[in-house]
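Structure first, then comments.
Both backbone and side-chain heavy atoms feed into the values below; hydrogens, waters and symmetry mates do not. Note that the structure is predicted; figures quoted are calculated from it, not measured.
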Amino acid sequence: MSHDWKDFNDARTQTTPKEEATISVDEIKSLLLGRLREALHYLLPAGVIRNGKFHVGDIHGNKGDSLVVELNGTKAGQWHDFATGEGGDVIALWAGVHGKDTRSQFPDVISAIHEWLGSPCKPVPKHVLSAETEDLGPVTGKWDYQDADGNLIACVYRYDPPSGKQFRPWDVKTRRNRAPEIRPLYNQPGIKAANAVVLVEGEKAAQALIDAGVCATTAMNGANAPTDKTDWSPLAGKHVIIWPDHDEPGFKYAESVAARLKTLGVASLAVLAVPNGKPEKWDAADAVLEGMDIGAFLVSATRATVAPTTAIPAFSVGHYLDDDTPMPSDIVAPRILTPGGLLVLGGAPKVGKSDLLICWLAYMAAGIPFLGMTPARPLKIFYLQAEIGYYYLRERLKKLNFDPNLMPLVRDNLVVTPQVRMLLDEGGVEKMVDTILGHFVPSEVDVIVIDPLRNVYDGGKSGSENDNSAMLAFLQDRIEGVRHRINPNAGVILAHHTKKITKKLLEEDPFQGLSGAGSLRSFYTTGIIMFRPDESRSIKQLMFELRNGEGLENKYVDKIDGRWRELELESARLVNKDYGQKLDAERRRKHDKILEIIFDEARKGELYTSSMFCQVWEHKAELGGRHSIRDRIEVLTSKGYIKFVKEGAARSRNGFLCVEGMETPTDKTDIDPVTGEITTIFKRLLPTHFRSPSDGGLMPVEDPEVWIYHEGASE
């Protein structure tokens, strides 16, 4: 480092790289001197203020007294290192701390100072500038409190003056030397990833355990922490061990915290007993310094188990309004799958749920968006599937049209069972948990998937999916049993069959199509229904019901060239148009009982000429006599509600009666692989001729797909 530091009072105006507007060095320096003490503690945290001067060991920030900075008067900001002879003004000090050359890198130095001056939050607390702390001596410890995603919430600084250790908190949000209103727990990123947590008294003890490989935390202020002002929620669902300090305040702290946590919903709770012969105030940090095998001690130490109470957690409205802690990150955004959430993907058999699900899970495992749904990161997923055998599953997975650069993530992060044949009863839960533990560290599991629910459903004595009580018990005992044994914050996805989505159900509530809908809908956080708006097309519609977020627009999707794609708005409109036309045709059939009969009979394989219909349906279905029926058919044909099919009706002058949307059965059938249900495949019957409204003559239909109704026929 050069020793010829200069005072830059007379330096020429510089332009910072991030600012097009010119700003003088004098202005930058003036602003920096206005916040001199704050800047010094930012640059050199180990420094201390004594007798109106700032003292630190050297420009590298080591403890000591060799480097002195003037704080007051005309020399404010001037510094000198008596050990090396270096010195200069505050800008030179900034450059030296950051290892910058003021000749060649001066614009970068000015830019960095300008950026620091303008940033909304500084990592240095104002309390270190106050007169109160000038006599506390140097900072001897600093601990950062972060949220689960690593964002800084607060800092705690430790001092060790002759009078005894003292702590000073710093609230990052308010930039004030105080603890936040709702006080966070220490080491939240570690808590999020862990299944078991050791709760100690104080940051020093917590960090000692963390450095020893044990997930630990503490409340801010240790034994003096007000339990009602601390956010304990990150410990919900965790196995918690309280390790008290060996003194009366420590034991009272453990007792107070245990009383609070036993109503929080922790997985288990215990208080360790301090080993015999340990001195007063002995704590976890002392255990680490002694070289104790912490893991072995936590397993073998005497402990008092605290049974959870029947009380449920409740908070005042004021608590909710004052709580500004960040929202937990979505597992899959936007609010599709939230931590601890349950997603049910429903659809009729063979609509394509499993194919879509396999592709979606692969994308989640790679950490990339799928149909507008974005995972937080590459997710670790366990997929229990009970439909597809090993070789056929292998075939599907090898056909995944996937970026080869991302396949390594999919290969490791997604674990899939071949077809399992079991019930998720108590024994099934044990098998599933053991299988997951054989592939993943439990705290790392992000998503647990079961497909389909029907094949593993254990309904007890009733056995029925539509028994809401049995379904609720299954969800609570089996599904939640697996989740809490693995990771309480994991998301769960259940694939579930629905009955066919009819027009009536679509209009009223498609989610009622789920078997056991009453219990499922009261339990899940997200419902997705997948169905075909038009059975003649491959396009599917996804409908969403979110408990933890705002509603989502329906999506129209299709598998094109081996990839699932969301369709553009115009394609969706086309599907809506086709489906709307089918609904319109149904409404028009209700115009007259005769139209409904013709349609329904065709689906049974019965076609009628006009004379045949009059003969068969005379005095049936409240249609009246033959002549009345004939007259009504004449009116309906003249208005275009009835047209004719000449093919196959050689003996009839006009042909068979035909209405819009009419279908007839084929000799082909479809078998549901799960239920064994056999369904008939139908084909459309299109008209070939229509009755001219002008002269009553029979005319050929130009476009059988377009159904034209004549004037006066509209409803």
Side-chain angles (χ1 to χ4, degrees), residues 502-503 532-539 573-618 620-621 623-624 626-668 679-715:
T502 63
K503 166 188 171 288
R532 282 195 185 96
D534 186 340
E535 293 293 338
S536 66
R537 292 175 175 267
S538 61
I539 297 171
R573 285 174 177 165
L574 184 61
V575 174
N576 275 333
K577 179 181 177 183
D578 290 348
Y579 190 57
Q581 287 175 345
K582 295 183 78 170
L583 297 183
D584 289 341
E586 186 174 343
R587 283 192 290 270
R588 291 189 184 104
R589 286 197 296 274
K590 291 183 179 180
H591 179 82
D592 194 285
K593 186 67 175 178
I594 291 176
L595 302 179
E596 291 189 79
I597 292 172
I598 294 171
F599 180 85
D600 292 340
E601 289 291 296
R603 287 186 64 83
K604 298 176 185 177
E606 298 291 339
L607 302 179
Y608 297 93
T609 64
S610 180
S611 59
M612 288 169 59
F613 189 90
C614 294
Q615 181 180 349
V616 172
W617 289 92
E618 183 177 18
K620 293 180 182 178
L623 294 184
R626 185 180 306 184
H627 295 294
S628 297
I629 297 174
R630 186 181 298 279
D631 291 343
R632 187 59 192 162
I633 289 176
E634 289 295 327
V635 172
L636 292 171
T637 55
S638 65
K639 291 186 175 183
Y641 283 95
I642 295 177
K643 297 181 182 178
F644 302 95
V645 179
K646 295 280 285 184
E647 283 83 354
R651 296 184 180 181
S652 171
R653 182 166 60 89
N654 296 327
F656 294 120
L657 304 178
C658 181
V659 299
E660 185 178 5
M662 199 160 98
E663 298 174 323
T664 57
T666 68
D667 57 359
K668 297 179 181 179
T679 56
T680 301
I681 297 176
F682 291 85
K683 70 174 182 179
R684 289 276 304 279
L685 192 65
L686 299 175
T688 59
H689 292 76
F690 72 98
R691 182 82 66 192
S692 171
S694 57
D695 59 13
L698 206 62
M699 303 288 292
V701 172
E702 293 184 5
D703 187 350
E705 295 284 353
V706 179
W707 202 278
I708 298 175
Y709 294 89
H710 304 301
E711 186 177 358
S714 61
E715 299 177 280

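Nearest heavy atoms, I594 versus R632: CD1-CG, 3.6 Å. In terms of heavy atoms, S610 sits closest to R630 at OG-NH1, 4.2 Å. Residues S638 and P693 share a closest heavy-atom pair of O-CB, 3.8 Å. Between N654 and K646, the shortest heavy-atom contact is O-CD, 3.1 Å. The shortest heavy-atom contact between P665 and K604 is CG-C, 4.2 Å. When all heavy atoms of M662 and L607 are compared, the pair lying nearest together is CE-CD2, 3.8 Å.
K643 contributes atom NZ, which lies 6.0 Å from atom CD1 of I708 (distance to the nearest 0.5 angstrom). To the nearest 0.5 angstrom, H689 atom NE2 is 8.0 Å from E647 atom CD. Rounding to the nearest 0.5 Å gives a distance of 9.0 Å between CD1 of I633 and CG of D592. Atoms CD and CG, on E663 and L686 in that order, are 10.5 Å from each other to the nearest 0.5 Å. Taking CG of D600 as the reference point, atom CG of L595 lies at 11.0 Å (rounded to 0.5 Å). For the atom pair SG (C658) and OH (Y641), the distance works out to 15.5 Å, reported to the nearest 0.5 Å.
The aromatic rings of Y709 and W707 sit tilted relative to each other, their planes meeting at an angle between 30° and 60°.
Not one N or O on the side chain of S692 forms a donor-acceptor pair closer than 3.5 Å with the backbone of M699.
The shortest distance between side-chain heavy atoms of F613 and I642 does not fall below 4.5 Å. Residues E618 and L623 fail the side-chain proximity criterion, which asks for heavy atoms closer than 4.5 Å. Side-chain contact between I597 and W617 is present, with at least one heavy-atom pair separated by less than 4.5 Å. Between F682 and T666 there is no side-chain heavy-atom pair separated by less than 4.5 Å.
Not counting sequence neighbours, R691 has no partner by the side chain to side chain donor-acceptor pair (under 3.5 Å) test. Annotation: side chain to side chain contact (heavy atoms under 4.5 Å, CB included) contacts of T609 (sequence neighbours excluded): S611, M612, S652, F656.
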